[in-house]
Every structure is written in C-alpha cells, then in structure tokens.
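We count ligands from 1, going down the list as the structure has it; atoms in each ligand are counted the same way. FYI, side chains are in, hydrogens and waters are out, and symmetry mates aren't considered; it's all heavy atoms of this structure. Note that the structure is predicted; figures quoted are calculated from it, not measured. We're numbering straight along the sequence, starting at 1.
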Amino acid sequence: MRIRFRENGPYVLDLPEGTPFRLNGEEMRLERAKLALCRCGQSGNKPFCDGSHKEVGFQAEKGEVETAP
Ligand code: FES
C-alpha cells in the first residue's frame, strides 16, 4: 500500500476500488481508487478530507510511504 502526503493537503491512500476497510468498527468499501484522509484537522467530514485545508491555509510538506507487499 502506498500513502502519499500531498503538499499542503491530505494523506492519500491508493487502493484498488472496492477494497474493504473498517472505519470506527464499521465495514466499508472504497467507492474510488483513492482515499483522502484529513491531515489539517479542519475537515467537516472527518476522517475524510473535504477541501477545508485550502480555506485554512494548511501548510505541510509532501511525502510518500510505501509498505512492502
Ligand atoms: S487535509 Fe483536507 S480538509 Fe484537512
């Protein structure tokens, strides 16, 4: 799995569409191949990014983490 840290933005997980995951104990499936998680703490739809990072001027470096298969 690869997690990207967008410059001044969210964590983005690249996963195959339909990948099952658990959020607060609830089983869910990805509707898209990317999952953006809030890194700024200002999203109105946590843990997902809703674009609020742009409005609050969130600043952070970009980066990437990749796990071994
Ligand atoms: S990173 Fe996008 S709303 Fe927080």
Side-chain angles (χ1 to χ4, degrees):
M1 175 172 61
R2 185 172 68 155
I3 304 172
R4 287 180 290 130
F5 304 61
R6 286 219 179 123
E7 184 174 12
N8 305 329
Y11 302 106
V12 177
L13 284 67
D14 293 312
L15 299 166
E17 192 172 321
T19 298
F21 66 102
R22 201 177 304 237
L23 175 63
N24 297 329
E26 183 180 343
E27 293 276 343
M28 303 179 87
R29 287 192 181 273
L30 285 182
E31 296 176 8
R32 291 182 281 176
K34 294 186 189 319
L35 183 62
L37 300 174
C38 180
R39 182 159 69 131
C40 74
Q42 301 302 312
S43 175
N45 188 28
K46 292 175 187 159
F48 305 107
C49 171
D50 69 355
S52 294
H53 58 272
K54 296 174 192 163
E55 297 168 18
V56 299
F58 177 68
Q59 294 186 339
E61 293 185 15
K62 67 179 180 181
E64 183 174 299
V65 172
E66 191 159 353
T67 60

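- Each of the following atoms of ligand 1 lies closer than 4.0 Å to a heavy atom of Pro10: 1 (S).
- Atom CD of Glu61 sits in a sparse spot, with 12 or fewer heavy atoms from other residues, nucleotides or ligands closer than 6.0 Å.
- Among the atoms of Cys38, an N, O or S atom is found under 2.8 Å from atom 4 (Fe) of ligand 1.
- Under the 3.5 Å distance criterion, the side-chain polar atoms of Arg4 are left unmatched by any main-chain donor or acceptor of Asp14.
- At a threshold of 4.5 Å between non-hydrogen side-chain atoms, the residues Gln42 and His53 do not count as touching.
- Neither side chain, Asn45 nor Ser43, offers a donor N or O lying under 3.5 Å from an acceptor on the other.
- In this structure, the protein non-hydrogen atom closest to atom 2 (Fe) of ligand 1 is His53 ND1, 2.2 Å.
- The nearest protein atom to atom 1 (S) of ligand 1, hydrogens excluded, is given as Arg39 N, 3.3 Å; this is a heavy-atom distance.
- Taking a cutoff of 4.0 Å between a charged side-chain nitrogen and a carboxylate oxygen, Arg22 and Glu27 qualify as a salt bridge.
- For ligand 1, the atoms closer than 4.0 angstrom to any heavy atom of Asp50 are 3 (S).
- Within the 2.8 Å limit, Cys40 places no N, O or S atom next to atom 2 (Fe) of ligand 1.
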